[in-house]
Amino acid sequence: MSFRSISCGFVNEDHIDQEIEVAGWIHRRRDHGGVIFFDLRDSSGLLQVVYNPEDNEAFSIAEGCRNEFVIRAKGIVRKRPEGTVNKGLPTGMVELNSSVLEILNPSKPLPFSLDEHTSVGEETRLKYRFLDLRREEMQRNLRLRSKVSQEIRKFLEKNEFLEIETPILTKATPEGARDYIVPSRTYPGSFFALPQSPQLFKQTLMASGFEKYYQFAKCFRDEDLRADRQPEFTQLDLECSFVTSQDIMDLITEMIRKVFKKAIDVDLGDFPVLTYEEAIKKYGSDKPDLRNPLQFVEVKELFTDSDFKVFSDPANSEDSRIAALRVPNGEKLTRKQIDDYTNFVGQFGAKGLAYIRIIDLSSGKEGLQSPILKFIDDQIIEELLTKLECQNGDIIFFGAGKKNVVNESLSSLRDLVASDLDLLNKDWAPCWIVDFPMFEYNKSGELTPLHHPFTSPTSLDDIEKDPTRTLSDAYDVVLNGTELGGGSVRIHESEILYKVLSLLGIEQKEAQEKFGFLLSALEHGCPPHAGLAIGFDRMIMLMTNSDSIRDSIAFPKTQSASCLLTEAPGSASIEQLDELNISIDIDTEEEM
RNA sequence: GGACCGGUAGUUCAGUUUGGUUAGAACGCCGCCCUGUCACGGCGGAGGUCGCGAGUUCGAGUCUCGUCCGGUCCGCCA
């Protein structure tokens, strides 16, 4: 005895004249007075169910049914009458002529329509997430997510990886982000931290001799959200012993290619490898979108003797650059669009946006149009046009100033212009970025790791003289301008780790307190090892062509890190707080 | 912490620039009609704390200030 004999989507011409029983939701109901149609939906698809007045009990129940009622219908499968076949439905050749109808559960009218023709606001979707997830798009996304994780598991199991879980209640690690903390009842005043990633545990597992580990790991970072950032997210985390960075890159390239092929039938092709330096030089970004053909050209050397201070100052400054971005057919951009772009780059600290429109090269300077022309020598303009290989109809944008400002503003502009002018020349463009600097100075002038402090340097030669020149044995995998994941060869010798930590201002004592267990593990026969983590939610976001990571997560949080469905976070009772020796001190009268 | 966009019927949105009679549309909902539709159709109807709070004004959806919520981005975060 079961609810149904077959799922809706599987009914076809083979079942004609057979009696079947189906169950599902009334996706849509069409009542013609004398005949009633339901599109019955279950997880397999839609099936048209027909009620005729001759079956008068079923018919009268059908009259009372509404959209999203959960029903069970029994009847005979019929070939649809001539001219009523629905080619848009996989089951459109047939229909269920139902004589028995049972309402399993009625439904109130829905707060929003589930059909693909109406859009719904984010707030409403999240509040009624259980309904939002019924929509086809979300069903598709989460099914794909499951499929992808299955393919990844299959691939890694075949390659002899072991899936090992690591704790959620753990200790704060030095990874840079703010921790979520959980009070300990048994140790009053002490706290667990939720892991920002299982980094230390997976390295420890290498010391334990597992050699190949992976896990779909929940990670937690209490930082502000973005379209591609949630406070709680999933990483495909893995680590291997006795491998080089090349081994990991080869493995992951193969894995990602296989998964894309199997899950969405996409051939990703080659994963070109760019050095960090190259990526910054050509694209101003360490996660360049290689679907976009535009590249930066460094034109600093043309302006060292110029009178145009906006360009000559950066041209003569070590930590500055002048990058030109030639946009074919960009001349048609309106003044308004250029003004918008100017505001756009302003967000990243650029003071303005210089440009030259190339209208007609044959008329020399007269054929150009730009507010900066009058400040630049004709000869320099000539050299510039030649160097950039300008064509009629181009527009050239310039970024001049501090390297990081130019890189951030012009690379963002590069993305925006490509999207406005529809310049992307392929659907998928993966790449690896390698040879990252080990360290950089943050705004407070402190040395910080670009990756994390457990990353191995490629050489120790300059590390004390000029740490910023030291490269790390790290690699990021980038897809369509999104950082999909990254990893590195780890430091497996404690002396080297101590050296790196001390450069970062972390002394032995502090290191011992914070992650003594890892240092101890390294000192008891830990093999060389390397690994990587992939942002799984982001990967699904890309594969489903979604604009936000929220659409690849069943129950995501809002930008202010709340859950509109459960109304989390909520308050704790006085009893709970007492038990944890916690008192709340919020100045509720603040506004007074 | 900051910038910007939005919040009006169950939903999506118009109305806000230029304050003025009874705040509209579509879809949904309810009722009636309809035997071949498939985003069925026809007729009729109900449905509003214009996010919230102050202020300006004879009068506020519309103007001002504050505040809350959703979103995009900067800072933050690998």
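Values in this document were obtained by computation on a predicted structure and should not be read as measured data.
Across all strands shown, rU37(B) forms no Watson-Crick or G-U wobble pair with both distances under 3.5 Å. Under the Watson-Crick and G-U wobble criteria, each requiring two contacts below 3.5 Å, nucleotide rU67(B) is paired to rG51(B). Pair assignment for rU12(B): rA25(B), on the basis of Watson-Crick or G-U wobble contacts that are both within less than 3.5 Å. Nucleotide rG59(B) is matched to nothing when pairs are restricted to Watson-Crick or G-U wobble geometry with both distances under 3.5 angstrom. Nucleotide rG44(B) forms a pair with rC30(B), judged by Watson-Crick or G-U wobble geometry with both contacts under 3.5 Å. The pairing partner recorded for rA78(B) is none, the criterion being a Watson-Crick or G-U wobble arrangement whose two distances lie under 3.5 angstrom. In a base pair of the Watson-Crick type (N1 to N3 plus N6-O4 or O6-N4) or a G-U wobble (N1-O2 and O6-N3), with each distance short of 3.5 Å, rU72(B) is matched with rA3(B).
Evaluation of atom-type donor-acceptor distances gives a pair under 3.5 Å for the side chain of Asn86(A) against the base of rC38(B). A donor-acceptor contact under 3.5 Å links the side chain of Arg229(A) to the base of rC77(B). Side-chain atoms of Arg80(A) and base atoms of rC38(B) include a donor and an acceptor less than 3.5 Å apart. Remark: the Arg28(A) side chain and the rU37(B) base include no donor-acceptor N/O pair separated by less than 3.5 Å. The base of rG28(B) lies outside donor-acceptor range of the side chain of Asn67(A), with no N or O pair under 3.5 Å.
Of the candidate nucleotides rG75(B), rC40(B), rC29(B), rG75(B) has the atom nearest to the side chain of Arg226(A). Among rU72(B), rC77(B), rC76(B), the nucleotide with an atom closest to any side-chain atom of Ala227(A) is rU72(B).
Rounded to whole Å, the distance from CZ on Arg30(A) to P on rC38(B) is 7 Å. With rounding to whole Å, Arg66(A) atom CZ is found 12 Å from rG28(B) atom C1'. Note: CD (Glu223(A)) to P (rG75(B)) measures 13 Å, nearest angstrom. Atom CD of Gln48(A) and atom P of rC40(B) are 10 Å apart (whole Å). Residue Leu236(A) contributes atom CG, which lies 19 Å from atom P of rA78(B) at whole-angstrom precision. Taking atom CD of residue Glu63(A) and atom P of nucleotide rC30(B), one finds them 14 Å apart after rounding to whole Å. A straight line from CG of Asp224(A) to C1' of rG71(B) spans 14 Å, rounded to a whole angstrom. The separation between Phe37(A) atom CZ and rC34(B) atom P is 16 Å, rounded to whole Å.
Not counting sequence neighbours, Tyr214(A) has no partner by the ring-ring contact (aromatic ring centres under 6.0 Å, His included) test.
Mapped onto RNA chain B by nearest heavy atom, Glu54(A) and Ser412(A) fall at different nucleotides, with Glu54(A) at the one closer to the 5' end. Remark on RNA chain B: of its neighbouring residues Ser562(A) and Asp286(A), the 5'-side contact belongs to Ser562(A), judged by nearest-heavy-atom nucleotide.
A salt bridge does not link Lys287(A) to Asp476(A): none of the charged side-chain nitrogens sits closer than 4.0 Å to a carboxylate oxygen. Of the charged side-chain nitrogens involved, at least one lies within less than 4.0 Å of a carboxylate oxygen, so that Arg125(A) and Asp551(A) count as a salt-bridged pair. Between Glu223(A) and Arg221(A), no side-chain nitrogen of the basic residue sits less than 4.0 Å from a carboxylate oxygen of the acidic one, so the salt-bridge criterion is not met. Salt-bridge annotation for Asp115(A) and Arg135(A): absent, with no side-chain N of the basic residue lying under 4.0 Å from a carboxylate O of the acidic one.
Side-chain contact of Ser107(A) with Trp25(A): a donor-acceptor pair under 3.5 Å is absent, judged by distance alone. Residues Ser488(A) and Arg490(A) bring a donor and an acceptor atom of their side chains to less than 3.5 Å of each other. No hydrogens or angles considered: nothing links the side chains of Gln337(A) and Asp420(A) as a donor-acceptor pair under 3.5 Å.
The gap from the C1' atom of rG47(B) to that of rC30(B) amounts to 10 Å, rounded to the nearest Å. Nucleotides rU57(B) and rU67(B) place their P atoms 23 Å apart, quoted to the nearest Å. Taking atom C1' on both nucleotides, rG19(B) is separated from rC58(B) by 12 Å, rounded to a whole Å. Nucleotides rU12(B) and rG6(B) are separated by 16 Å at their P atoms, to the nearest Å. Using C1' as the reference atom, rG28(B) and rC63(B) are 35 Å apart when rounded to the nearest Å. Nucleotides rG51(B) and rU8(B), compared at atom C1', are 10 Å apart to the nearest Å. The same atom, C1', is picked in rG48(B) and in rG7(B); the two are 14 Å apart, to the nearest Å. Separation of the P atoms belonging to rA3(B) and rG75(B) is 15 Å when rounded to the nearest angstrom.
Contacts of Gln559(A) with the nucleic acid, taken as non-hydrogen atoms under 4.0 Å apart, include base atoms. Heavy atoms of Arg78(A) sit nowhere under 4.0 angstrom from any nucleic acid atom. Among the heavy atoms of the strands lying under 4.0 Å from Leu450(A) is at least one base atom, whether or not backbone atoms are also near. Counting any heavy atom pair closer than 4.0 Å across all strands shown, Arg178(A) reaches no nucleic acid atom. Contact annotation for Glu95(A): base contact, defined as any heavy-atom pair under 4.0 Å involving a base atom. Within the 4.0 angstrom heavy-atom criterion, base atoms lie near Asp31(A). Gln235(A) comes within 4.0 angstrom of no nucleic acid atom, judged by non-hydrogen atoms across all strands.
Residues Phe454(A) and Phe515(A) bring their aromatic ring centres within 6.0 Å. In this structure, the ring of Phe233(A) has its center no less than 6.0 angstrom from the ring center of Phe536(A).
Legend: side chain to side chain donor-acceptor pair (under 3.5 Å) pairs involving residues 28-46 of chain A, not counting sequence neighbours, sorted by first then second residue: Arg4(A)-Asp42(A), His27(A)-Arg41(A), Arg29(A)-Asp31(A), Arg30(A)-Asp39(A), Arg30(A)-Gln48(A), Arg41(A)-Glu68(A), Asp42(A)-Ser44(A).
In terms of phosphate contacts, Thr84(A) brings no side-chain nitrogen or oxygen within less than 4.0 Å of OP1 or OP2 of rU37(B).
Judged by centroid separation below 5.5 Å and plane tilt below 30°, His32(A) does not stack onto the base of rU37(B). By the 5.5 Å and 30° criteria, His117(A) is stacked with the base of rA39(B).
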Contact state string [nucleotides 7-17 of chain B, B base, S sugar-phosphate only, - no protein heavy atom under 4.0 Å]: ---SSS-----

